[in-house]
Amino acid sequence: MPRLSEVIAALENLWPAERAESWDAVGTVVGEPGQEVTRVLFAVDPVQEIVDEAVKLDADLLVTHHPLYLRGTTTVAASTFKGRVVHALIKNDIALHVAHTNADTAEPGVSDALAGALDLRVVGPLVPDPSDPEGRRGLGRVCELDRPLTVRELAARAAERLPATAQGIRVAGDLDAPVRTIAVSGGSGDSLFDHVRAAGVDAFLTADLRHHPVSEARAQSPLALLDAAHWATEWPWCELAAAQLDEISDRHGWDLRVHVSRTVTDPWTAHAASSATTDTSGAPN
């Protein structure tokens, strides 16, 4: 069985910490380098439900996309919810490793997994990493569809292929407009509109789109926008990452048992659709 330090070295080779954004918090959060690793669980969020799942699975290592402590802390007291996570991990000899923005820009990375889930052909990065001479790494992906779809059909495909969430897929744009090219970015993507417009694509699928950036983007071009749940756009990466570690395990003869959590940790739990016949004449401006 490999030691934690060996597995972490393999993960760092996939997603080097130095490629994370300066504000990010990636790498190993909890774990004894010499401990043996036999079972690994991948998930998006390092929340209590996922840690409980790792305990039941008897996992030795939990790998998440989102950091546990992004802005730092002065305490890991069990009276705090993040402190309870740390205590549970240590008590059960479970290491925690985070790959966040270094996994976003990797090749393959988060947006490659998102494109794969939607059967899109990746053409290249939306925001190329200037440190990559081959031009394959970077944030987001510019993609082509296997055949033209309407915005309506594309939204239906996304709703079908991505994990189900209360939000589903929100759409801004002409539902009957044809889509041949699309940009995708797992996670929050409304800071990328300038790059999306420069790419000249017909549509943009991402998460966490806000009112004003969407309103301004729609006023500037006929670009169709598809807004999925943040968790749903990043979960496909867990399957990709697990497959990558499986391949490494086979190559080294580690015989790791690698699992992907299917626990939905999207914080939104319900959705009430507005009535199409609702009178909005008295609604506030």
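None of these values were measured; they are calculated from a predicted model. Atom set for the values below is all heavy atoms of this structure, side chains included, hydrogens, waters and symmetry mates excluded.
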Can you tell if the side chain of [X] reaches within under 4.5 Å of the side chain of [Y], non-hydrogen atoms only?
| X | Y | answer |
| --- | --- | --- |
| L256 | P2 | yes |
| W231 | V264 | yes |
| R137 | S131 | yes |
| R218 | L225 | yes |
| S249 | V258 | no |
| F81 | Q48 | no |
| E36 | R3 | yes |
| R84 | T80 | no |

Partner of V40 by side chain to side chain contact (heavy atoms under 4.5 Å, CB included), out of V260, L61, L11: L61
Can you see which heavy atom on [X] is nearest to which on [Y], and at what distance?
| X | Y | answer |
| --- | --- | --- |
| V171 | A155 | CG2-CB, 3.7 Å |
| Q244 | P108 | NE2-CG, 3.8 Å |
| G187 | T233 | N-OG1, 2.9 Å |
| L162 | A232 | CD2-O, 3.9 Å |
| S111 | G186 | OG-N, 3.2 Å |
| L154 | L145 | CD1-CD2, 4.2 Å |

State the [atom1]-[atom2] distance between [X] and [Y], to the nearest 0.5 angstrom.
| X | Y | atom1 | atom2 | value |
| --- | --- | --- | --- | --- |
| I94 | L41 | CD1 | CG | 8.5 Å |
| D45 | S261 | CG | OG | 9.5 Å |
| D190 | E216 | CG | CD | 10.0 Å |
| D174 | T150 | CG | OG1 | 9.0 Å |
| W15 | H97 | CH2 | NE2 | 7.0 Å |
| D250 | D255 | CG | CG | 8.5 Å |

Test item: D202 side-chain N/O and I182 main-chain N/O as donor-acceptor pair under 3.5 Å: no
So if you build clusters from Ile, Leu, Val, Met, Phe, Trp, Tyr with side-chain heavy-atom gaps below 4.5 Å, do [X] and [Y] land together?
| X | Y | answer |
| --- | --- | --- |
| F42 | L96 | no |
| L70 | V76 | no |
| Y69 | V51 | yes |
| V201 | V122 | no |
| V179 | L118 | yes |

Does [X] come within less than 4.0 Å of [Y], counting only side-chain N to carboxylate O?
| X | Y | answer |
| --- | --- | --- |
| E153 | R157 | no |
| E239 | R262 | yes |
| R39 | D58 | no |
| R121 | D146 | no |

H65 and W237 aromatic ring geometry - parallel, tilted or perpendicular at 30°/60° bounds: tilted
Just checking, any donor-acceptor pair under 3.5 angstrom between side chains of [X] and [Y]?
| X | Y | result |
| --- | --- | --- |
| T101 | D24 | yes |
| E234 | H230 | yes |
| E6 | H252 | no |
| T38 | D60 | yes |
| E53 | T263 | yes |

R197 CZ: over 12 foreign heavy atoms closer than 6.0 Å: yes
More than 12 heavy atoms from other groups under 6.0 Å of CZ on R71: no
From CA spacing to verdict: side chain to side chain contact (heavy atoms under 4.5 Å, CB included), R141, D112: CA-CA 7 Å; R141 293 293 183 266; D112 293 289; 2.8 Å; yes
Worked verdict on T265 versus I50 for side chain to side chain contact (heavy atoms under 4.5 Å, CB included): CA-CA 8 Å; T265 54; I50 298 299; 3.8 Å; yes
Side chain to side chain contact (heavy atoms under 4.5 Å, CB included) evaluation trace for V37 with W254: CA-CA 9 Å; V37 176; W254 286 346; over 6 Å; no
Side chain to side chain contact (heavy atoms under 4.5 Å, CB included) evaluation trace for F204 with F193: CA-CA 9 Å; F204 179 36; F193 279 130; 3.8 Å; yes
